[in-house]
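Presented below is the structure to which this report refers.
Small disclaimer: the values here were computed from a predicted structure and weren't measured. A, B, ... follow the sequence lines: proteins, then strands. Residue 1 opens every chain.
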Protein chains: 2
Amino acid sequence: MANTFEVLAEPRRREILDLLRVCERPVGDLVGRLGLTQPAVSKHLKVLRAAGLVDVRQDAQRRWYRLRAQPLAEVDAWLAPYRQFWNERLDALERHLDAMPDERPGTGKTDGTEGI
Amino acid sequence: MANTFEVLAEPRRREILDLLRVCERPVGDLVGRLGLTQPAVSKHLKVLRAAGLVDVRQDAQRRWYRLRAQPLAEVDAWLAPYRQFWNERLDALERHLDAMPDERPGTGKTDGTEGI
DNA sequence: GGCGTATATTCCATATTGGTTATATTCCTC
DNA sequence: GAGGAATATAACCAATATGGAATATACGCC
């Protein structure tokens, strides 16, 4: 496993991250909210820990899990060049609309700078 | 499958997307660049197509595959709330470093307290 | 030290996936 | 219409991940 993308592929693990984004939580809390058995949750947490996506803090028998979002930056970085790509699509739509006979809702200004 | 995250979990599929981001390509081209067998590539393309991540255009026997980045916006949307999160961390680190008495690494001070 | 709680780990059965080989389909060219 | 190129599909195998039940471990408390 070890790869962030694979780790995120599991819906349950994304749920766990979503929960941990709100606050630090012990395993039992996650078990209750996810409707999974305790071993299943522990296993997912192990995977998340191995990927550096969560951190543990031990407090007696309880272990508080905390989000570490940093590895998600890797995903974000991979996504970055694509972002421009899907913006292009939107821009194309926009240009298309702009190119239409000047029927802009709102401003009637035509200063000629909109083609940029 | 069908879920964008799961589809992206495969390194080979991300490679395919990376290649298609550059330009539209026929299957054979991908086969050559990935060093995979043709059936393997076709399977990945099928998965990508099912997920709406690529589009096909038929031209005689050749099929040109093209990127459709839109589903990646879904991933981006999931990532959004986390983005703030990892910025916080960096900011915290920055504040931490700023708050330190001028003990920046590289100042040559050797009082032996840095092994923390 | 024994007990109960909270969590991790092991073992097992099942399911899915990615790859390979072989075959089918589609379309062009001769 | 026969042959060949480009791609898709089918059948099969090996590897792996997931979930559950049972068990082990760690810790605080009495």
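Per the geometry, CZ belonging to A:R57 stands 20 Å off P belonging to D:dA26, to the nearest Å. With rounding to whole Å, A:Q58 atom CD is found 16 Å from D:dT25 atom P. Atom CH2 in A:W64 sits roughly 18 Å away from atom C1' in D:dA26 (whole-Å rounding). One atom, CZ of B:R62, and another, C1' of C:dC27, lie 12 Å apart when rounded to the nearest Å. Distance, A:R14 CZ to D:dT18 P: 12 Å, rounded to whole Å. The distance between atom CG of A:L36 and atom P of C:dA8, rounded to the nearest whole Å, is 14 Å. Taking atom CG on A:D59 and atom C1' on D:dA26, their separation rounds to 13 Å, with Å as the unit. Going from atom NZ of B:K46 over to atom C1' of C:dG19 covers 15 Å, rounded to whole Å.
Taking the nucleotide of DNA chain D with the nearest heavy atom to each of A:R63 and A:T37, the more 5' of the two is matched to A:T37. Where B:R49 and A:R13 meet DNA chain D, the nucleotide closest to each residue was compared, and B:R49 sits on the side nearer the 5' end.
Contact record, B:R62 with B:P26: CG-CB, 3.4 Å, taken as the closest heavy-atom pair. Closest of all the heavy-atom pairs between B:L67 and B:L20 is CB-O, 3.9 Å.
Base engagement by A:S42 is indicated by at least one non-hydrogen atom pair under 4.0 Å involving a base atom. Backbone-only engagement by A:P26 is indicated by non-hydrogen atom pairs under 4.0 Å involving sugar-phosphate atoms exclusively.
Between the axis at the start and the axis at the end of the helix from C:dG1-D:dC30 to C:dC30-D:dG1 there is an angle of 10°, using five pairs per end and rounding to 10 degrees.
B:H44 has a side-chain polar atom (N or O) that falls below the 4.0 Å cut-off from OP1 or OP2 of C:dG19. Of the side-chain N and O atoms in A:Y65, one or more sit less than 4.0 angstrom from OP1 or OP2 of C:dA8.
The side chain of A:E10 approaches D:dT18 more closely than any other nucleotide in the set D:dT18, D:dA8, C:dC28. Among the nucleotides D:dG28, C:dT20, C:dA8, the one closest to any side-chain atom of A:A60 is D:dG28.
Ionic pairing of A:R63 and A:D55 is not present here: no N-O contact between side-chain nitrogen and carboxylate oxygen is shorter than 4.0 angstrom. Between B:R33 and B:D29 there is a salt bridge, since a side-chain N of the basic residue sits under 4.0 Å from a carboxylate O of the acidic one.
With sequence neighbours excluded, the residues that form a side chain to side chain contact (heavy atoms under 4.5 Å, CB included) with A:V7 are A:M1, A:R13, A:V47, A:L48, A:A51, A:L53. For A:R57, the side chain to side chain contact (heavy atoms under 4.5 Å, CB included) criterion is met by A:E24, A:D59, A:W64, not counting sequence neighbours.
B:Y82 carries A:R21 over the face of its six-membered ring, with the cationic atom under 6.0 Å from the centre and within 45° of the normal.
A donor N or O paired with an acceptor N or O is found under 3.5 Å between the base of D:dA8 and the side-chain atoms of B:Q38. For D:dT7, its base never sits under 3.5 Å from the side chain of B:K43 at any donor and acceptor pair.
Side chain of A:R66 to main chain of A:V54: no donor-acceptor pair is present (N/O by atom type, distance under 3.5 Å, no hydrogens or angles).
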